[in-house]
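Beneath this line is the structure, given in structure tokens, with notes to follow.
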Number of protein chains: 2
Amino acid sequence: MTLYVERGFEQTTVAEIAELAGLTERTFFRYFADKREVLFSGASSLQELMVNAVRDAPATLSPYDAIAQGIAAAGEAIGPGHDRARLRQHVIDANNELKERELIKMATLSGALAQALHERGVDEPTSSLAAEAGIAVFRVAFERWVRGRDDVALGVVIDESIATLSAITHREERYA
Amino acid sequence: MTLYVERGFEQTTVAEIAELAGLTERTFFRYFADKREVLFSGASSLQELMVNAVRDAPATLSPYDAIAQGIAAAGEAIGPGHDRARLRQHVIDANNELKERELIKMATLSGALAQALHERGVDEPTSSLAAEAGIAVFRVAFERWVRGRDDVALGVVIDESIATLSAITHREERYA
DNA sequence: TACGTGATGACAGTTAGTGACATCACGTGC
DNA sequence: GCACGTGATGTCACTAACTGTCATCACGTA
């Protein structure tokens, strides 16, 4: 991570990382499937957290509100680490391969959330659409939070974005 | 493409592609930035099509409806090629690197659509959210269409998905 | 006919990632 | 206290995706 920040992702070789960490390249690849995965080791636990939140949400909640609970849980987990998130995102945004990896993590997450909705009795395509919409909200909210001021809480931005999406898809309200 | 279908993406080397096409590896890499890009050469023209549709949509349309026009345009362009789409998607789904590339193309598209909304006078974060939601709809609809029966038109699936997302994000209607 | 230009080939080099085997530390059962 | 199985690490050889550089070649033009 230090190296990625200092000289960028592409300019850092696995050999350098391994040397700095005091192990061989081969061992590095035993811990991480590839060079990119270093930055995404936390993704699976975040996914677990969100899926649990959806699963444990009150049965009376709509799919969209259940997903909102999951996103809120992610917000609470990430919220405190604004500086870390900003640094990490800066590295990712500077490199296309890393962006790709981030996107596939999001897509996997979306699939897991759809599955969690399934287990709440929600049918296709409602489950997939609600999950995808939730991820869309999370993506936009997270980006705004990372680029925004330090004192605006992630949870607040998320709530705003959830409401905004509802307003957008209400076709009749503000437009002809 | 023939080779990717026959033996899979990973099992196909650039050397083989080059030989089949009657040129050298180096020349292959002059036409395609990398091995994956072969399957996504049409992405930029599709993006252009969608952006134009959004730009040229009646000014009275809401952001969501303007995006819907863009998606409909994509539906018309892709719709006739059901077999080709199915084959291509089969190759992509079998390989994670290709899925990543597909996702970043979608993300780029989302950004372009958000930009097109901007030029219609739509503010952030509404523009990004509407674009992301539109991509979410497109993603789900496209997948359903590819996996579904031959005689169901893509346009129909898209319209259904647009309506379903509206219903989902109407929180009060069908749930407590 | 000489010349500039754009496309291609030839070739060497870097780096990510993998497979196979050796080694080594360490806890367990005897 | 010692043999032994096991999991983590090192070593080495190898493949394949890319990249940089220079040579070559076809072709339209002055």
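As a basis for the values below, the full set of heavy atoms in this structure was taken, side chains included, without hydrogen atoms, waters or symmetry mates. Below, read A as the first sequence line, B as the second, and so on, with proteins coming before strands; counting in each chain starts at 1.
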Proximity to DNA chain C (any heavy atom under 4.0 Å), residues of residues 16-30 of chain B only: B:L23, B:T24, B:R26, B:T27, B:R30

Side-chain N,O (B:Y31) to OP1/OP2 (C:dA7) below 4.0 Å: no

Value in whole Å for how far the P atom of C:dT18 lies from CZ of A:F32: 14 Å

Exercise: identify the closest heavy-atom pair between A:R55 and A:R120: O-NH1, 4.0 Å

Side-chain heavy atoms of A:R139 within contact of A:L103, under 4.5 Å: yes

Spacing of B:E97 atom CD relative to C:dA16 atom P, expressed in whole Å: 14 Å

Interatomic distance where CD belongs to B:E37 and C1' belongs to D:dC18 [whole Å]: 14 Å

Protein-nucleotide distance (B:E10, atom CD; C:dA16, atom P), rounded to Å: 18 Å

Donor-acceptor pair between B:E48 and B:S45 side chains, under 3.5 angstrom: no

Residue of the set A:E97, A:K99, A:E102 for which side chain to side chain contact (heavy atoms under 4.5 Å, CB included) holds with B:I104: A:K99

Under 3.5 Å side-chain donor-acceptor pair for A:T12 and A:E16: no

Test item: side-chain donor near acceptor, B:T169 and A:T169, under 3.5 Å: yes

Length of the line joining B:K35:NZ and C:dA16:P, which is rounded to integer Å: 18 Å

Atom-to-atom span, CG of A:D34 to P of D:dA17 - whole angstrom: 16 Å

